[in-house]
Amino acid sequence: MSELNKEVVDLVWGRPSSGGVSASIFRRWTQGFVFSENERSALEQFEGGPCAVIAPVQAFLLKSILFNRESSDWRHISEEEQKAALCSTLSEILESACSSPSTGYCLVSWAKGQSPHTSTHTNTQTQSQTQGMPEPESSQPSQEQQPTALAAEDLGFERFHSVLHKRTVLSVSDLREEVLSLYHTWGGCCGVLLFLYSVILTKGIENIRNEIQDTMEPLIDPVHGHGSQSLVNLFVTGHAVSNVWDGDRECSGMKLHGIHKQASVGFLTLMESLRYCKVGAFLKSPKFPIWILGSETHLSVFFAKEMSLVGPESPSEQARRVFQSFDPEDNGFIPESLLEDVMKALDLVSEPDYVSLMKSKLDPESLGIILLGPFLLEFFPDQDSGIPDSFPVYHYNGLKQSNHNEKVEYVEGTALVLGFEDPMVRTDDTPVKRCLQTKWPYIELLWTTDRSPSLN
């Protein structure tokens with residue numbers, strides 16, 4: 001795939017002025033998808049950087065394990081179940097990224113005989129569907145030595161890109177079969193990068209460029225090694241848009257692309273609590289109760305098994321979302337001149353006399369603004385969200401050093417979602433709680449561990 005290499009490298013790594021990607025940044029991305037020894041369904045991340053791929057894969061992996069399996073013992077899955085769940089997850093992400101199924105799905109692996117752990121392989125023949133390309137390396141390691149996640153320390157940036165093999169499959173059934181056959185490749189050296197490149201080529205380089213806001217911004221920061229929001233969105237939604245709001249927005253004549261439909265797993269960010277951005281309902285209210293949590297530098301995952309957390313929008317939740325769409329700066333109020341538009345958008349009675357009456361009731365001091373709280377109380381009083389008062393929750397952080405005793409394990413807790421702030425049950429003020437408050441303003445968390453889980 002040499003003809004594609006330059007385009008892929010420019011898109012992923014940019015064009016570093018110093019003449020190449022630093023060896024330390026590249027090394028951080030050379031791991032595979034490896035399960036924790038202490039938590040059978042949790043992926044481990046060895047260094048900062050690849051969380052932009054690992055956290056979304058973990059979120060979809062949890063969706064598969066929690067909601068697609070018969071067994072309730074989701075924390076004690078067998079090796080065979082690990083394999084099935086991971087490969088099903090990778091296939092699902094590739095299917096989601098594929099812009100045109102008729103052009104097929106791309107899988108990037110090692111060219112035959114070029115894998116960093118070739119010496120540990122049994123060289124069984126693999127059929128390649130790409131005519132004229134070298135045979136890909138068999139993905140079956142010998143029994144004596146499994147490929148490790150950080151094998152081949154001497155594999156540099158240039159060498160890596162010179163030994164890749166691309167193949168195309170045309171049907172979903174073939175895709176799932178091929179992904180399964182490459183299980184040991186995904187778990188071995190550079191498995192994360194090989195899958196990232198598979199997603200990019202399946203999506204199409206030109207399609208990604210058309211969705212990214214700033215095409216000069218690479219998917220991986222060449223200085224710090226972190227993945228961009230476009231990369232996270234590509235894995236979560238199949239679209240490499242740069243923003244997290246709902247729909248597209250106009251700004252100074254430019255169209256800024258956002259999220260266009262409800263995601264399967266969600267995204268919340270600490271940046272919203274700092275008022276740097278506003279996550280829209282399509283990411284904030286996903287189909288399954290699993291959310292990727294973003295801090296300034298890292299991604300982790302918060303999840304529950306309580307499906308009522310992602311039930312259909314209640315009338316009051318819809319009203320809050322519509323009201324906030326007229327309040328893009330998140331001030332908590334709108335000019336009174338917009339009240340009629342909000343009422344129309346919610347199919348409320350919007351006759352001029354009634355709107356005028358509501359203006360005087362909701363703005364008794366004639367300040368010219370309508371506050372969100374009184375608006376909801378007036379039109380949607382006593383709305384029950386359907387969420388239980390308390391429910392078990394879990395937090396995942398793939399970095400060993402961010403976990404208690406440096407063991408990658410889920411942190412268990414209980415969440416209380418109140419309708420108002422109650423000083424009697426105020427728990428703590430931690431980054432993970434501030435992040436979750438962007439979805440549930442009055443959430444309280446009681447963790448089973450001595451310390452709150454880390455977002456970083």
Side-chain angles (χ1 to χ4, degrees), residues 33 35-36 39-45 51-69 71-75 77 81-82 84-86 88-93 95-97 227 229 231-238 244 259 261-270 272 279-295 298-313 385-388 391-398 408-415 417 432-433 435-440 443 445 447 453-455:
F33 294 104
F35 285 98
S36 165
E39 191 75 67
R40 303 277 309 167
S41 56
L43 296 170
E44 197 167 309
Q45 180 183 337
C51 58
V53 171
I54 292 173
V57 169
Q58 178 68 52
F60 279 94
L61 186 67
L62 284 164
K63 177 176 81 74
S64 174
I65 290 168
L66 288 172
F67 300 105
N68 294 355
R69 287 172 72 251
S71 169
S72 59
D73 194 8
W74 59 276
R75 294 185 74 169
I77 61 175
E81 287 173 313
Q82 283 179 332
L86 178 63
S88 162
T89 294
L90 299 184
S91 297
E92 180 181 358
I93 292 171
E95 288 170 49
S96 165
Q229 188 65 49
L231 175 52
V232 176
N233 287 347
L234 173 60
F235 271 69
V236 172
T237 69
V244 291
I259 309 298
K261 64 177 184 179
Q262 184 186 30
S264 290
V265 301
F267 178 79
L268 304 172
T269 173
L270 192 59
E272 181 170 344
V279 179
F282 288 142
L283 284 175
K284 206 170 264 186
S285 301
K287 295 176 184 174
F288 294 89
I290 301 166
W291 290 265
I292 296 163
L293 305 185
S295 73
H298 188 46
L299 297 170
S300 55
V301 180
F302 174 84
F303 62 102
K305 293 190 284 182
E306 183 55 66
M307 281 300 288
S308 64
L309 295 177
V310 289
E313 220 175 18
S385 67
I387 296 174
F391 48 91
V393 293
Y394 304 85
H395 182 261
Y396 155 87
N397 189 324
V408 175
E409 293 178 300
Y410 303 131
V411 180
E412 295 181 59
T414 301
V417 176
V432 68
K433 180 177 163 185
C435 189
L436 295 171
Q437 282 175 327
T438 64
K439 161 78 174 164
W440 300 283
I443 193 170
L445 298 156
W447 300 103
S454 171
L455 282 187

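Quick caveat, the model's predicted, so the values are computed rather than measured. Numbers here are sequence positions counted from 1. The figures that follow rest on heavy atoms only: side chains count, while hydrogens, waters and symmetry mates do not.
Pro286 and Ser264 make their closest contact through CB-O, 3.6 Å (heavy atoms, listed as atom of the first residue, atom of the second, distance). Of all the heavy atoms in Ile54 and Glu44, the pair that sits closest is CD1-O, 4.2 Å. Nearest heavy-atom pair, Trp291 versus Lys284, reported as atom, atom and distance to 0.1 Å: NE1-O, 2.9 Å. Nearest heavy-atom pair across Gln437 and Ile443 is CG-CG2, 3.9 Å. Residue Pro453 comes nearest to His395 through the heavy atom pair CB-ND1, 3.3 Å, listed as atom of the first residue, atom of the second, then distance.
Side-chain atoms of Glu412 never come within 3.5 Å of backbone atoms of Pro392 as a donor-acceptor pair (strictly under, hydrogens ignored). Between the Ser96 side chain and the Glu92 main chain, no donor and acceptor come within less than 3.5 Å of each other. Counting only distance, with no hydrogens or angles, the side chain of Gln82 and the backbone of Ile77 share no donor-acceptor pair below 3.5 Å.
The distance from atom CD of Gln58 to atom OG of Ser41, rounded to the nearest 0.5 Å, is 6.5 Å. Atom OG1 of Thr438 is separated from atom NZ of Lys433 by 13.5 Å, given to the nearest 0.5 angstrom. Atom CG of Leu90 and atom CG of Leu61 lie 8.5 Å apart (nearest 0.5 Å). Atom OG1 of Thr237 is separated from atom CD1 of Ile93 by 11.0 Å, given to the nearest 0.5 angstrom. Atom OG in Ser300 sits 4.5 Å away from atom CG in Leu293 (nearest 0.5 Å). To the nearest 0.5 Å, atoms CG (Asn68) and NZ (Lys63) are separated by 5.5 Å.
You'll find the side chain of Glu39 reaches within 4.5 Å of the side chain of Arg75, heavy atoms only. Residues Met307 and Pro289 meet the side-chain proximity criterion, which asks for heavy atoms closer than 4.5 Å. Residues Trp447 and Val393 form a side-chain contact, since some pair of their non-hydrogen atoms from C-beta on lies under 4.5 Å apart. Annotation: side chain of Tyr394 is not in contact with side chain of Val301 (no heavy-atom distance under 4.5 Å). Val279 is not listed as a side-chain neighbour of Ile259, based on a closest heavy-atom distance of 4.5 Å or more. The closest side-chain heavy-atom distance from Phe288 to Leu66 is not below 4.5 Å. Two residues are said to be in side-chain contact when any heavy atoms from C-beta on lie closer than 4.5 Å; Pro56 and Val265 fail this criterion. Considering only heavy atoms from C-beta on, Cys51 comes within 4.5 Å of Gln45 through its side chain.
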- Message: side-chain contact (heavy atoms from CB on, under 4.5 Å) for Val408 and Leu43? Distances and angles first, verdict last.
- Response: CA-CA 8 Å; Val408 175; Leu43 296 170; over 6 Å; no
- Query: Given Ile290 and Phe67, is the side-chain contact (heavy atoms from CB on, under 4.5 Å) satisfied, shown in steps?
  - Reply: CA-CA 11 Å; Ile290 301 166; Phe67 300 105; 4.1 Å; yes
- Item | Check against side-chain contact (heavy atoms from CB on, under 4.5 Å), Val53 and Phe33 | CA-CA 10 Å; Val53 171; Phe33 294 104; 3.9 Å; yes
- Task: Could you walk me through whether Glu272 and Cys435 pass the side-chain contact (heavy atoms from CB on, under 4.5 Å) test, one step at a time?
- Result: CA-CA 8 Å; Glu272 181 170 344; Cys435 189; over 6 Å; no
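Between Phe60 and Phe235, the distance separating the two ring centers is not shorter than 6.0 angstrom.
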